Amino acid sequence: MKTSAEILPKAANPQEYEPRILRVWGKNKFFEIGKEHSKEHSKEHNKPYTILMPPPNVTSFLHMGHGTGYTIQDWVIRWRRMRDGVACWLPGLDHAGIATQMMVEKQLASEGTSKHEIGREAFVKRAQEWKETYGGKILEQFRLMGFSCDFSQLTYTLDSHCSYAVRHAFVQLFNEGLIYRGLRLVNWDPVLMTALGDEEVVNKEINGHLYTIRYPLCNQGKQDKAFIPVATTRPETLFGDVAVAVHPDDERYQSYIGSQVHVPLCGRTVPVIADTYVKSDFGSGALKITPAHDPNDYEIGKRHQLESISIFDDRARLNDQAPEPFCGMDRFEARKSLIAALKEKGLFDSSTPHRYSAPHSDRSKALIEPKLCSQWYVKTEPLAAPVAQAARDNAITFYPGLWKKTWLYWLDNIQDWCISRQLWWGHRIPIWYCQNDACKEVFASSEDPTRCPKCNSSHIIQEEDVLDTWFSSWLWPLSPFGWPKDTTTLERFYPSDVIITGSEIIFQWVARMVMAGIKFQGTLPFNKVYFNATVCDMKGQKFSKTLGNGIDPIDVIEQYGADALRYTAAHLSPVSGRIKMEMKDFAIGRNFITKLWNGARYLLSHCHDKTIEPLQEESLELWHKGLLHELYEASHTIDNAMVAFRMHDAHKALYQLIWNSICDWGIEASKFSLKSSDSHTTATNLSVMLYVYECALRLIHPLIPFVTEELIHYFPKHPNLERSKGLCVSLYPSQLPLLKFEKAYQSWQVSKELITSIRRLIQTSTLAKLSSQERSQLHVWCHLQNVSPQARAYLEASQHLSLMASLSQVAHIDISTEDKMPPCALVDVSSHFEIAIALQKTEDIESQRDVYLEKQKKVEIYLGNTQKKLSSQGFLRKADPQVIENVKQQQAALELQKQAITKTLLTFGAS
RNA sequence: GGGGAUAUAGCUCAGUUGGUUAGAGCACCUGCCUUACAAGCAGGGGGUCAGAAGUUCGAGUCUUCUUAUCCCCACCA
């Protein structure tokens with residue numbers, strides 16, 4: 001029979017086992033909710049722990065920004081599944097109306113055609129093809145990263161049941177008067193030719209100019225000025241001017257209020273009006289009013305009952321409100337021509353460079369052109385109020401908590417939500433217009449109507465516009481589960497437990513889901529919101545499709561494997577903020593996988609042909625108990641950290657348990673015991689190590705599922721552990737009756753300190769030059785102090801002393817009952833022991849003298865600090881008794897150290 | 001303009017209600033290919049916790065100010 005060491009290659013080969021394990025998971029349908037796989041979990045769960053995956057846009061493939069966020073989710077859901085026996089992670093895809101439409105339009109443009117040429121029907125078909133391609137690739141990315149979502153529940157926002165939910169929600173809100181059509185200034189994207197919601201607009205600083213233009217006064221003879229200078233950054237909008245406004249108290253212009261001025265290059269005259277909005281100290285102090293193309297002007301126009309003149313078409317080209325030759329010109333081209341024309345007429349005063357921020361379309365990056373038009377709106381105030389209240393009442397918790405403020409600010413200042421988009425890709429608005437002139441009814445319907453409900457006319461047409469993508473996304477906690485029809489499924493999965501997503505969609509998505517949950521279901525859709533960090537490149541730029549700086553998870557998997565991807569993602573995830581990530585970071589994960597693999601390889605090499613015995617407490621040595629206790633501690637630390645979404649703490653605990661406690665100490669200690677000729681000793685040793693290792697594999701399985709699932713197959717069955725068909729459905733160690741050995745653990749820690757001290761003494765002294773042969777002849781004198789009788793018994797056991805000598809690579813450790821250390825020795829002291837290594841030559845010791853003097857100085861300082869504390873009345877009166885006790889113990893330990901150092905220095909003959 | 005965050009070792013970051021001598025990984029130095037792992041092991045060096053003031057018996061942690069960087073929201077024609 002081959003040994004496991006021979007079976008297991010020297011390094012993990014994820015390219016080989018990951019696809020195989022994926023097949024096993026798929027075949028067994030481990031992640032399908034409703035299927036029971038575990039023999040260890042007994043409890044019935046009517047309400048499984050549920051996470052709604054933020055459905056990625058089908059616009060493009062996923063990058064490691066997604067990969068990182070979803071890894072955290074999979075880690076949590078896999079942990080929950082192992083802990084509770086059942087858990088649901090609902091996967092999805094978002095049709096991403098505007099984003100996808102833009103991608104398809106780009107594709108069409110590259111083929112030399114356009115959406116208008118091919119028509120709406122063909123366009124929608126192209127968009128569907130796009131979704132099939134990219135959606136399919138995304139699902140493959142999910143799968144390869146090992147995500148344990150229930151693919152049988154995969155929901156796409158354009159699925160018929162989602163579409164029905166959208167219509168139902170729309171109709172209900174419409175009938176309640178919470179959806180209305182309104183004429184107002186909207187954010188218009190002249191490239192995509194659609195209105196945008198406020199959240200789809202980003203403000204960016206641009207370098208422009210502040211132009212001053214002369215508006216000639218009418219009736220010039222009676223005035224002492226010929227014109228009023230007007231400052232603007234957008235001269236081309238002057239064709240839409242309806243007034244010039246000045247501050248009522250501005251002495252320069254007071255006398256002109258009520259006069260008329262000529263709009264340059266345009267036959268019209270407009271009045272000079274007074275409004276306190278105008279700042280006298282900015283520009284020329286006179287402001288041109290263009291209500292149809294500026295939000296502030298729009299407000300002023302309303303105040304003064306001025307008309308609005310729209311001068312741009314949908315592509316932001318000047319319309320026939322502008323005279324020849326400007327009519328038909330693009331807005332930027334028009335600006336240049338206009339300035340030239342003004343200069344020619346002597347109406348151009350000056351221009352100065354001016355940096356200001358202006359709204360841009362988040363998708364097309366085009367400069368937004370405010371446009372006066374009719375759009376559909378959701379009245380948000382009544383929906384937002386209970387959402388804000390939920391945060392105020394702490395019914396909803398944010399991780400990290402600081403987002404609560406942002407949340408409240410937005411909700412308390414909420415604007416109505418513009419939900420209509422002049423796009424072809426998305427849910428068409430379920431509004432119909434009766435074409436019967438005598439009726440003209442406008443009605444909403446969740447089913448396609450054939451007749452007007454009011455006049456029964458069959459001459460009805462549906463609204464052309466589609467809904468904002470987020471109008472389907474905000475129903476995400478509801479629509480995948482069949483709302484409003486299937487109440488049984490909904491009851492099982494609503495509300496879900498946590499939303500894990502990026503903070504950039506806190507308003508667009510998270511807040512609106514809570515609105516929808518409260519509005520349609522009457523309760524919060526989840527009570528925890530975890531925001532993961534933003535993933536950036538090394539320059540600090542966010543991963544994005546347009547920049548092309550993202551890392552493709554598939555590339556990472558090919559180079560390092562999915563576990564390395566996942567491990568690194570968790571390793572880099574800070575408590576908040578941003579992650580800088582580059583390809584070589586995944587070596588961190590790969591190294592860890594290798595370590596884990598090799599630890600297993602070592603243990604398994606000792607297993608062949610052996611029956612694994614159950615753990616027997618009476619056979620356990622000190623280090624066994626210490627290690628088992630470390631397992632217990634780690635298991636609880638991890639569980640608590642996961643509950644609190646302290647992913648960093650959970651990750652750290654996993655790392656320390658496996659790398660430090662198990663590999664650095666456990667396996668090293670076991671090497672000594674496995675050499676033993678006593679079969680009982682080796683059997684105990686193997687039993688402990690396999691038990692601890694399997695538990696560790698389970699603990700870290702949610703994070704690195706592939707390698708753990710692969711390794712567990714090689715592990716012989718341990719009598720103390722039940723194992724289900726897959727590790728992914730086996731019981732999590734926090735639910736196991738793990739053994740606790742508090743006292744032994746402490747003694748094991750002292751042992752580690754002692755071993756480290758010996759190693760350090762040797763390596764930092766002239767002893768480092770000894771050959772390993774000579775070194776293994778060394779004897780260490782040791783005096784224990786400040787330890788309990790039980791600890792002393794543990795530490796002085798001959799087996800344990802041999803182990804410590806072996807780990808220190810010395811011949812022997814002699815425990816002395818008196819603290820009279822040998823002369824002529826290297827010495828180290830701590831709060832629990834003094835050690836000394838005798839030397840032959842005094843000059844070796846002489847060379848160490850400075851080291852001890854330095855040590856003495858330090859201890860004196862520390863001692864001074866503790867003495868200062870303990871002699872302070874304020875400290876003794878006010879500090880926590882436990883803290884005082886700690887300081888007292890610390891002082892006692894320092895005193896012992898001081899004495900030992902003094903003694904050592906005496907052996908040097910120092911004064 | 002309003003709000004928020006960050007500043008800790010050369011680099012990337014931990015440090016939960018203030019309480020022993022501030023930690024980890026990478027990088028660096030020294031010694032080791034010791035039969036699980038050189039993608040590793042053992043040991044080591046390196047930080048007046050951005051600056052200043054304050055509260056406190058005690059401050060990396062709390063308060064104020066300053067400086068630097070970043071984010072969000074609103075916007076100056």
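As the structure is a prediction and not an experimental result, all values here were calculated from the model. So you know, we letter chains A, B, ... as the sequences are listed, proteins then strands, and number each from 1. The basis for the numbers below is simple: all heavy atoms, side chains too, and nothing from hydrogens, waters or symmetry mates.
Closest approach to the A:Cys663 side chain among B:A36, B:A38, B:U21 is made by B:A36 (side chain taken as heavy atoms from C-beta onward). Of the candidates B:A36, B:G4, B:U21, B:A36 carries the atom nearest the A:Arg601 side chain, counting heavy atoms from C-beta on. Checking B:G15, B:U12, B:A36 against the side-chain heavy atoms of A:Lys580 singles out B:U12 as nearest. Residue A:Arg590 has its side chain nearest to B:A39 when only B:C13, B:A39, B:A77 are considered. The side chain of A:Gln897 lies closest to B:U21 when the candidates are B:C13, B:U21, B:G4.
A:Arg234 is linked by a side chain to side chain donor-acceptor pair (under 3.5 Å) to A:Glu236, A:Glu369, counting only residues two or more places apart in sequence or in another chain. Not counting sequence neighbours, the partners of A:Phe543 by the ring pair (Phe, Tyr, Trp, His ring centres under 6.0 Å) test are A:His63. A:Tyr215 pairs by the ring pair (Phe, Tyr, Trp, His ring centres under 6.0 Å) definition with nothing, not counting sequence neighbours. Residues passing the side chain to side chain donor-acceptor pair (under 3.5 Å) test with A:Gln749, sequence neighbours excluded: A:Glu630. Judged as a ring pair (Phe, Tyr, Trp, His ring centres under 6.0 Å), and not counting sequence neighbours, A:Phe875 has no contacts. Residues satisfying the side chain to side chain donor-acceptor pair (under 3.5 Å) test with A:Arg355, not counting sequence neighbours, are A:Glu205, A:Asn207. Shown here are the ring pair (Phe, Tyr, Trp, His ring centres under 6.0 Å) partners of A:Tyr693, two or more places apart in sequence or in another chain: A:Phe715.
Within the nucleic acid shown, A:Val278 comes within 4.0 Å of at least one base atom, counting heavy atoms only. At a threshold of 4.0 angstrom between heavy atoms, the contacts of A:Gly599 include nucleobase atoms, whether or not backbone atoms are also involved. Among the atoms of the strands shown, base atoms are found under 4.0 Å from some heavy atom of A:Ala879.
Salt-bridge annotation for A:Glu668 and A:Lys671: present, with a side-chain N of the basic residue lying under 4.0 Å from a carboxylate O of the acidic one.
For B:G10 and B:C71, the C1' atoms lie 27 Å apart once the distance is rounded to whole Å. Comparing the P positions of B:U67 and B:U56 gives an interatomic distance of 27 Å, to the nearest angstrom. Rounded to a whole angstrom, the distance from the P atom of B:G43 to that of B:A5 is 41 Å.
RNA chain B is contacted by A:Tyr862, A:Ser872, A:Gly874, A:Phe875 of residues 859-875 of chain A, taking any non-hydrogen atom closer than 4.0 Å.
Formation of a donor-acceptor pair under 3.5 Å by the A:Ser661 side chain with backbone atoms of A:Ile658 is not found in this model.
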Would you tabulate the pairs of protein nitrogen or oxygen atoms and nucleotide nitrogen or oxygen atoms of nucleotides 71-75 of chain B closer than 3.5 angstrom?
unit_1, atom_1, unit_2, atom_2, d
B:C75, O3', A:Asn296, ND2, 3.1
B:C75, N3, A:Ser357, OG, 2.7
B:C75, N4, A:Ser357, OG, 2.0

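Ring centroids of A:His247 and A:Tyr253 are separated by 6.0 Å or more, keeping the two rings apart.
Contact between the side-chain N/O atoms of A:Lys858 and the OP1/OP2 oxygens of B:U21 is not found at any separation under 4.0 Å. Regarding contacts with the backbone of B:G25, every side-chain N or O of A:His571 stays at 4.0 angstrom or more from both OP1 and OP2.
Listed by first and then second residue, the salt bridge (charged side-chain N to carboxylate O under 4.0 Å, His left out) pairs that reach into residues 754-774 of chain A are A:Arg760-A:Asp828, sequence neighbours excluded.
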| said: For A:Lys868 and A:Thr866: C-alpha separation, side-chain torsions, deciding distance, then whether side-chain hydrogen bond (donor to acceptor under 3.5 Å, both in side chains) applies. | reply: CA-CA 5 Å; A:Lys868 203 170 123 195; A:Thr866 54; over 6 Å; no
| request: Starting from the C-alpha separation in whole Å, work towards a yes-or-no answer on ring pair (Phe, Tyr, Trp, His ring centres under 6.0 Å) for A:His651 and A:Tyr567. | output: CA-CA 9 Å; A:His651 180 271; A:Tyr567 183 90; 4.7 Å; yes
| task | Would you write the dot-bracket representation of RNA chain B, where each base gets (, ), [, ], | or . depending on whether it forms a Watson-Crick or G-U pair under 3.5 Å and with which partner? | result | (((((((..((((.....[...)))).(((((.......))))).....(((((..]....))))))))))))....
| said: What does the B/S/- profile of nucleotides 40-50 of chain B look like, 5' to 3', with a 4.0 Å heavy-atom cutoff to protein? | reply: SSBSS------
